[in-house]
Engineer: 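Can you keep this structure in mind? I'll have questions shortly.
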Amino acid sequence: MDPSEVEFLAEKEFVKIIPNFSLDKIYLIGGDLGPFNPGLSVDVPVWLALNLKQRQKCRILPPEWMDVEKLEEMRELERKEDAFTPAPSPYYMELTKLLLNHASDNIPKADEIRTLVKDIWDTRVAKLRLSADSFIRQQEAHAQLDNLTLMEINTIREFLLDSLNCMYKLRSNLQPGATKGQFGDY
Amino acid sequence: MDTPSYFPVPPGVGMEENFLSLDDILLSQERLPVRTECVFPRLGFLEKSSDSQDIPEGTKMELPLWLCKGLYEKKRKVLSVELPKIYKEGWRTVFTADPNVVDLHKMGPYYYGLGSQMLHFDNPENPDIANALLQTFIGRFRRTMDSSQNAYNEDTSVLVGRLDCLEKVLFRSGQNGLNGFQGWEKGQAAQLTASSLVLNYRKRKLVDVQS
């Protein structure tokens with residue numbers, strides 16, 4: 001999976017906007033998007049919010065979790081805990097990038113938010129690597145990790161699956177009974 | 001979205017080899033010390049040090065892996081294969097002590113592959129060899145993971161120089177994940193770039209043809 005595909009999935013999340021135009025309710029296959037009235041906030045998916053913002057037809061309101069104090073608390077919590085704490089949003093990395101690139105004028109303290117989110121990301125990825133290492137070291141067959149987001153899983157997926165394959169094959173060397181008898185081919 | 005134009009056959013780690021894998025073909029070129037158990041008539045030219053027409057019984061020589069595998073038989077009438085020194089007791093203790101210190105590329109770039117193939121030759125030390133391979137892999141995993149996931153846009157030749165071929169493949173997939181993520185974060189995913197297939201074919205552009 002590509003990071004761009006993960007970003008595509010992230011664009012389904014809802015965000016609040018304040019339009020400056022009016023439009024009746026629109027009926028799309030994915031669901032209805034409520035009537036748009038200038039000055040009244042409405043929930044729309046991120047793909048629509050970004051499109052309207054680029055055409056200068058709306059103002060995007062930052063999501064609840066995108067606040068400096070809240071993110072600082074989450075960062076401290078993440079650093080204290082050994083396990084994964086619930087992420088600000090299942091797509092926090094992608095939403096931060098999208099919203100801060102297109103709508104940074106609507107979001108207060110954009111740079112601090114970017115730094116805080118990067119800190120949270122770094123802590124979580126470090127924990128992920130630590131847990132992958134202990135998984136391999138103890139040769140477990142099964143592990144459960146809660147509260148991981150798709151982007152984090154995606155960056156480590158290829159590497160971890162390849163190493164687990166190698167480890168499986170090296171382990172099968174220890175029980176040679178099943179694979180003996182290949183000499184017939186020669 | 002950046003898929004290569006062909007999918008290379010991966011090496012068959014473990015006791016089987018993948019027939020079509022280039023890594024496995026190169027691996028089977030490695031030479032092993034053997035001792036002949038019977039006479040090889042008129043094959044004296046293989047053994048450079050002696051001048052006789054045939055190879056007498058009990059000669060110690062080196063043969064490549066593919067030949068050893070073909071000639072080896074359970075009843076031991078043709079060959080007996082010795083372990084190369086890196087799979088012997090002495091080196092095995094070095095590996096279990098600290099796997100990260102060893103330069104696996106110098107030890108034979110196919111440490112894991114060759115080790116797995118050695119298990120075909122019915123050595124009494126087989127379980128120990130298999131165990132040593134596994135433990136070395138596990139011990140070096142952390143170092144490989146950290147270096148592959150943290151080295152972005154740097155010269156990785158120092159890091160990769162000490163890795164075995166199998167670990168190099170893993171390093172590359174780690175780098176893929178990292179580069180994909182960093183490229184996306186910088187916004188390269190939204191830019192149109194020429195596909196690697198087209199660049200490889202080096203098609204002439206219309207501008208060059210016209211002028």
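Chain letters run A, B, ... following the sequence lines, proteins first and then strands; every chain starts at 1. Worth saying up front: this structure is predicted, and the values here are computed from it rather than measured.
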Engineer: Between L170(B) and chain A, which part of the residue has a heavy atom less than 4.5 Å away: side chain, backbone, both or neither?
Structural biologist: both
Engineer: Select one option (side chain, backbone, both, neither) describing which atoms of Q139(A) are under 4.5 Å from chain B's heavy atoms.
Structural biologist: side chain
Engineer: I'd like to know whether CG of D105(A) has more than 12 heavy-atom contacts from other residues, nucleotides or ligands below 6.0 angstrom.
Structural biologist: yes
Engineer: Which of the residues R172(B), E185(B), R142(B) is involved in the greatest number of heavy-atom pairs with chain A at under 4.5 angstrom?
Structural biologist: R142(B)
Engineer: Looking at D122(A) and K118(A), is there a salt bridge between them, counting it only when a charged N and a carboxylate O are closer than 4.0 Å?
Structural biologist: yes
Engineer: Heavy-atom pairs under 4.5 Å with chain A: which of G180(B), S173(B), G174(B), G139(B) has the most?
Structural biologist: S173(B)
Engineer: Verify the distance criterion only: is there a donor paired with an acceptor across the side chains of E37(B) and S80(B) at less than 3.5 Å?
Structural biologist: yes
Engineer: Please flag which part of E167(B) lies under 4.5 Å from any non-hydrogen atom of chain A: side chain, backbone, both or neither.
Structural biologist: neither
Engineer: For N150(B), which atoms come within 4.5 Å of any heavy atom of chain A: side chain, backbone, both, or neither?
Structural biologist: side chain
Engineer: I'd like to know which of D162(A), V125(A), L130(A), I156(A) tops the heavy-atom pair count under 4.5 Å against chain B.
Structural biologist: D162(A)
Engineer: Could you check, using the six-membered ring where one of them is a Trp, whether F159(A) and F141(B) have ring centers closer than 6.0 angstrom?
Structural biologist: yes
Engineer: If you count the non-hydrogen atoms of other residues, nucleotides and ligands that lie under 6.0 Å from CH2 in W91(B), is the total more than 12?
Structural biologist: no
Engineer: Side chain from CB out, backbone as N, CA, C, O: work out which of these in M93(A) comes under 4.5 Å of a heavy atom of chain B, or both, or neither.
Structural biologist: both
Engineer: What residue, out of G177(B), A130(B), P127(B), has the most heavy-atom pairs lying under 4.5 Å from chain A?
Structural biologist: A130(B)
Engineer: For R75(A), is there an ion pair with E78(A) - N to carboxylate O distance below 4.0 angstrom?
Structural biologist: no
Engineer: Compute the centroid of each ring, for W121(A) and then for F181(B), and state whether the two points are separated by less than 6.0 Å.
Structural biologist: yes
Engineer: Can you tell me which portion of Q175(B) sits under 4.5 Å from chain A's heavy atoms? Options are side chain, backbone, both or neither.
Structural biologist: neither
